Amino acid sequence: MNEFQERVYAVILAIPPGRVASYGAIAARAGLPGRARLVGRLMGEVPDGMTLPWFRVLRASGQIAFPAGSRGFREQSRLLKAEGVEVRNGRVPLSRFGLDADIDRAIWGMF
DNA sequence: GCCATGGCTAGTA
DNA sequence: GCCATGGCTAGTA
């Protein structure tokens, strides 16, 4: 696991329950702006035994990245709703559930 | 090539 | 929708 990978996981771990962040935002906060797709790939490479709140990560539009109706799509929807996040038509209103300023500042300061 | 992305535009209502 | 991007992987030679 390289340093960027560890940073990405650390940033995702810092997203509090009931909040979400985009792939691009995570990449930027982990120190590599513009690497949103890399974050998506790393999500599929989480080491065994590591628990990650992967379902709090969405597209920049607030949409769930999995194809609508897929297993991953339903699971992500379910987990988000379970912690009070509103999901309608596979989309979360970022204005209400995105990171608040204090948390975001703390995450930027992590590295 | 492929993709768990993102940004910007054309075309409809 | 479409195209640009970045990084990894399958498949050929």
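Since the structure is predicted, the reported quantities are computational estimates derived from the model, not experimental observations. Here is the naming used below: chain letters follow the sequence lines, and residue numbers restart at 1 for every chain.
- In terms of phosphate contacts, A:R59 brings a side-chain nitrogen or oxygen within less than 4.0 Å of OP1 or OP2 of B:dT5.
- Between the CG atom of A:L38 and the C1' atom of C:dC8 there is a distance of 10 Å, given to the nearest Å.
- Atoms CD and CZ, from A:E83 and A:R78 in turn, are 11.0 Å apart once rounded to the nearest 0.5 Å.
- You'll find that the side chain of A:R37 is closest to B:dC3, out of B:dC3, B:dA4, B:dG7.
- Across all strands shown, the partner of B:dC3 is C:dG6, judged by Watson-Crick or G-U wobble contacts whose two distances both fall under 3.5 Å.
- If you check every strand for non-hydrogen atoms under 4.0 Å, A:R35 touches sugar and phosphate atoms only.
- A:Y9 has its OH atom 12 Å from the C1' atom of B:dA4, to the nearest Å.
- In this model, no side-chain donor or acceptor of A:R41 finds a partner on the base of C:dC8 within 3.5 Å.
- In summary, A:E75 and A:R71 do not engage in a salt bridge, as defined by a charged side-chain N under 4.0 Å from a carboxylate O.
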After noting the C-alpha distance and the side-chain angles of A:S77 and A:I64, does the key distance pass the side-chain contact (heavy atoms from CB on, under 4.5 Å) rule? CA-CA 8 Å; A:S77 252; A:I64 287 176; 3.7 Å; yes

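- For the pair A:L32 CG and B:dT5 P, the computed distance is 17 Å after rounding to whole Å.
- A:G44 comes within contact range of no nucleotide atom at all, as no heavy-atom separation falls under 4.0 Å.
- In this structure, A:W108 is not a member of the same hydrophobic cluster as A:Y9, with clusters built from ILVMFWY side-chain heavy atoms closer than 4.5 Å.
- In this structure, the CH2 atom of A:W54 is 14 Å from the P atom of B:dT5, given to the nearest Å.
- The separation between A:F66 atom CZ and B:dT5 atom C1' is 13 Å, rounded to whole Å.
- Distance CD1 (A:I12) to C1' (B:dA4): 11 Å, rounded to an integer number of Å.
- When rounded to the nearest whole Å, the span between CZ of A:F73 and P of B:dA4 equals 15 Å.
- Taking atom CD1 on A:I64 and atom P on B:dT5, their separation rounds to 13 Å, with Å as the unit.
- A:N89 CG: 12 or fewer foreign heavy atoms inside a 6.0 Å radius.
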